[in-house]
Every structure is written in structure tokens, then in C-alpha cells.
Amino acid sequence: MIHALSTHLFVNHRLTVALLTRIHQAGIPAVEIFCARQHLDYRNKEQVAELGHWFRDSDLKLHSLHSPMYNDEIWGRSGPHAVVTITEPVKSKRLQMVDEIKRAIEVAEVVPCRYLVQHMGVGGEEYDERKVDAAFAALEELTIFARQRGVEILLENIPNQLSSAERLLQFDELTHLGLNFVFDTGHAHMNEGVERAFSLMKDRIRSTHVHDNNGKEDAHLFPLAAGSAGTIDWKNAMQLLRSREDHYPLLLELKERADTGNQLENVKLVFDRLEDQ
């Protein structure tokens, strides 16, 4: 399978051309850039322009952008007002969040990419028809804005009552937006299970987020790492992913490990171990 890496692994560090060079030198052909302002400040034209110049001269491909989850530079720790969610029922607040996501999509004007990964709600959020209506209104606007920049919005299955695999399909039946999906292995493991979620989503999966957990905590663990608390059956998961591998890359979305100095060496080991399954 084609390998790709989310820069979520380095989300607490500034995204620089030096970091992208290291990723490319590790033999990884494509990346997803996580739009968190402490990492990639999508409002900072100088940072975006620098990355744009680098990508134009590099063979590393920008596969996708991950939509911002917070509007601050400290991972939402400035308070609840920093959360960016398209399920906000209050229109005036939601429009501010939609504008924030648009600023991230504008990165594609400088660094072209194919997809924007979008959450519908936040972790643990309960189902509410008002929130479904809010998400529809937001995505109607965002889809047009993204399409004008050559970007397709993908919805991700996340651990809440709005975004399980079944709920995503119901959302499409209600709205007829025709959006495709990102299949997240860790989130599926916390919801209906990897096999069940994949069977529901498989026809519309266009990208992946591959990581492990214990079925309860969204830990973004390295799959098949020694001593890992992850409990996903990776032999079965890889058989499922290979069944439609022409539709998406094997894209790792991992959390930085404090117990190791060279994160990219561990990433290479993960790819090798997954391919051996």
C-alpha cells in the first residue's frame, strides 16, 4: 500500500521545512498536515508561503489537510471558546467556526492537496438533530468553498454519537451532500469495531487514519509496538484495508512517544510490521 504520515505526530512542534525534509528522507512519500496553529498556523502567510516553496521543489506530496479542532495556539487550553466545531447550533458562532476552517482550506491555494479531513462534532458528543442541521449548513458552505480550490471534504468517523460509521451514512442519506469518508481505525475500535465500521464505510473511504488504542481511550498508539496497550487485531485490519487499497493510502495518525528519540524510525518500523500482517 502507499504509505503516508499525518504530521499529528509532531503537532506540538512548529511545522518547518526541516521537519518535512526529515519525513521525506525517511522514505515516506506523502503527508497529511494537521492544521493546529502551534504547528501549522494557517493564518500566517509567511509560514504557508515557505512551505509552498518547499513543496514545489520536493517529491513529497501533500495528500490532505486536517481541519482545525481549535482556534488558539495551545491546543484548546485557552478555554471552551477555542473549540472549532461545525455542529454549533448558534448560527453566529458557527459562522465564525466555518470561517476558521476556510482559512485552513486556503492553504491549498499555496500548497495544492486533494482532501480536507473534517470532524463532525467533538469526542463524546451526543446525538441531537439541531447539531445535524448545523453540520449540514456548515458543510454545504464549506464544500463549495473547498471545491473552488480543488479540495474534497472527507468526513471522519470519530468516537461520538454523530459520527459513527452508521451515523455518517445516515447523515448522507438525509443531506444528499455525497461526501466521502476517512476511515479511522482507532475510532472504529472505540465505536462499533474495526470490521463493522469498515464494512459500512468501505465504498466511500478515500483516506485512512491508522493508529491503535485499548478500545476506550483515544491514545493514537503506534500499532504493533513493543509493550503497547493497543488491542486492535492488525492481521484482520490489514486484510480489510488491502481489500480496497487502490482507493486510499495507509496513513498513520500517531501521538508522539516520550520514550523514544527518533519518532520517524519507529514510524518506519510500524509500516514494515503492518505490511507483514
Side-chain angles (χ1 to χ4, degrees), residues 1 4 6 8 32 63-64 66-67 69 85-87 114-136 138-140 142-143 146 152-221 223 230-254 274 277:
M1 297 180 71
S6 168
H8 181 273
E32 174 176 290
H63 171 72
S64 47
H66 194 296
S67 185
M69 297 169 60
T85 173
I86 61 172
T87 60
R114 188 168 183 181
Y115 300 118
L116 175 87
V117 176
Q118 180 64 52
H119 288 186
M120 193 156 66
V122 299
E125 190 165 352
E126 295 181 356
Y127 184 84
D128 185 323
E129 289 187 3
R130 295 176 305 157
K131 295 178 179 180
V132 173
D133 291 341
F136 172 52
L139 286 166
E140 243 189 340
L142 287 169
T143 298
E152 178 183 349
I153 292 179
L154 303 178
L155 294 180
E156 177 182 347
N157 59 309
I158 68 171
N160 68 23
Q161 293 181 16
L162 293 160
S163 303
S164 66
E166 187 173 0
R167 289 292 194 194
L168 290 178
L169 291 172
Q170 289 176 355
F171 180 76
D172 181 69
E173 290 175 5
L174 286 170
T175 64
H176 303 286
L177 287 174
L179 299 179
N180 288 313
F181 303 141
V182 173
F183 177 65
D184 188 298
T185 60
H187 296 165
H189 190 46
M190 295 171 68
N191 273 340
E192 59 273 82
V194 171
E195 187 167 358
R196 173 62 176 163
F198 183 85
S199 69
L200 291 169
M201 297 173 66
K202 62 183 180 181
D203 291 338
R204 302 173 73 167
I205 299 172
R206 297 297 179 267
S207 193
T208 59
H209 283 163
V210 175
H211 56 97
D212 207 346
N213 60 53
N214 62 5
K216 298 177 181 178
E217 299 167 317
D218 192 17
H220 288 257
L221 301 175
T231 54
I232 290 178
D233 179 350
W234 285 106
K235 188 174 185 64
N236 183 56
M238 286 302 297
Q239 288 177 347
L240 294 171
L241 290 172
R242 287 193 185 100
S243 69
R244 302 182 73 83
E245 63 183 272
D246 292 341
H247 293 261
Y248 44 73
L250 186 69
L251 193 155
L252 299 181
E253 188 187 53
L254 307 170
L274 289 173
Q277 296 303 302

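Each residue takes its place number in the sequence, starting with 1. Being a predicted model, the structure only gives us computed values, none of them experimental.
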Item to complete: Quick one: list whatever passes side chain to side chain contact (heavy atoms under 4.5 Å, CB included) with Asp172, sequence neighbours left out.
Response: Arg204

Discussion item. Measuring centre to centre across the rings, with the benzene-like ring taken for any Trp, is His187 within less than 6.0 Å of His209?
Written reply: no

Worksheet, complete the sentence: Rounded to the nearest 0.5 Å, the CG atom of Leu116 sits from the OG1 atom of Thr143 at a distance of 9.5 Å

Worksheet item: salt bridge (Lys or Arg N to Asp or Glu O under 4.0 Å) with Glu156: which residues, sequence neighbours excluded?
Response: none

Discussion item. Run the side chain to side chain contact (heavy atoms under 4.5 Å, CB included) test against Asn214 and tell me which residues pass, sequence neighbours left out.
Written reply: Lys216, Glu217

Discussion item. Is the shortest side-chain heavy-atom distance between Leu139 and Leu179 below 4.5 Å?
Written reply: yes

Discussion item. To check you understand the geometry: which heavy-atom pair defines the closest contact between Gly230 and Leu221, and what is its length?
Written reply: N-CD1, 3.6 Å

Discussion item. My understanding is that only one of Glu32, His247, Arg114, His63 makes a side-chain hydrogen bond (donor to acceptor under 3.5 Å, both in side chains) with Ser207; could you say which?
Written reply: His63

Item to complete: Indicate yes or no: at least one non-hydrogen side-chain atom of Leu274 is less than 4.5 angstrom from one of Pro223.
Response: yes

Fill in: Nearest heavy atoms of Val194 and Phe183, plus distance in Å
O-CZ, 3.7 Å

Response to the item:
In this structure, CG of Leu162 is separated from NE2 of His119 (nearest 0.5 Å) by 13.0 Å

Worksheet item: Quick check: are there more than 12 heavy atoms from other residues, nucleotides or ligands sitting under 6.0 Å from CZ of Arg206?
Response: yes

Practice prompt. Output the distance between atom CG (Asn213) and atom CD1 (Ile232), rounded to the nearest 0.5 Å.
Written response: 5.5 Å

Item to complete: Could you pull out all residues at least two apart from His189 that satisfy ring pair (Phe, Tyr, Trp, His ring centres under 6.0 Å)?
Response: none

Discussion item. Any non-hydrogen side-chain atom of Leu177 less than 4.5 Å from a side-chain atom of Glu140?
Written reply: yes

Worksheet item: With sequence neighbours excluded, what pairs up with Arg167 under the side chain to side chain contact (heavy atoms under 4.5 Å, CB included) test?
Response: Tyr127, Ser164, Gln170

Worksheet item: Are Phe181 and Leu169 close enough that some pair of their side-chain heavy atoms sits under 4.5 Å apart?
Response: yes

Worksheet entry | Contacts of type ring pair (Phe, Tyr, Trp, His ring centres under 6.0 Å), residue Tyr248, not counting sequence neighbours | none

Worksheet, complete the sentence: Residues at least two apart in sequence or cross-chain that pass ring pair (Phe, Tyr, Trp, His ring centres under 6.0 Å) with Phe171, listed by chain then number, are none

Item to complete: Enter the distance from Asn160:CG to Met120:CE here, rounded to the nearest 0.5 Å.
Response: 7.5 Å

Worksheet entry | Smallest separation among heavy atoms of Ile153 and Gln118, with atom names | CG2-CB, 3.9 Å

Worksheet item: His66 and Ser6: side-chain donor and acceptor closer than 3.5 Å?
Response: no

Worksheet item: Can you list every pair that meets salt bridge (Lys or Arg N to Asp or Glu O under 4.0 Å) and has a residue in residues 115-125, with sequence neighbours left out?
Response: Glu125-Lys131

Practice prompt. Kindly write out the residues that satisfy ring pair (Phe, Tyr, Trp, His ring centres under 6.0 Å) with His8, not counting sequence neighbours, or none if the list is empty.
Written response: Phe34, His220

Worksheet item: Going from CE on Met201 to CG on Asn180, what distance comes out if it is rounded to the nearest 0.5 angstrom?
Response: 10.0 Å

Worksheet item: Who are the salt bridge (Lys or Arg N to Asp or Glu O under 4.0 Å) partners of Asp203, not counting sequence neighbours?
Response: Arg244

Discussion item. My understanding is that only residues two or more places apart in sequence, or in another chain, count here; which of them pass side chain to side chain contact (heavy atoms under 4.5 Å, CB included) with Gln277?
Written reply: Leu224, Trp234, Lys235, Met238

Fill in: Shortest non-hydrogen separation from Met1 to Pro249 and the atoms involved
CE-C, 4.4 Å

Worksheet entry | salt bridge (Lys or Arg N to Asp or Glu O under 4.0 Å) contacts in which one or both residues fall within residues 182-199, not counting sequence neighbours | none

Worksheet, complete the sentence: Note: Ile86 and Ala138 closest approach over all heavy atoms is CB-CB, 3.7 Å

Fill in: Heavy-atom closest pair, residues Val210 and Thr185
CA-OG1, 3.5 Å

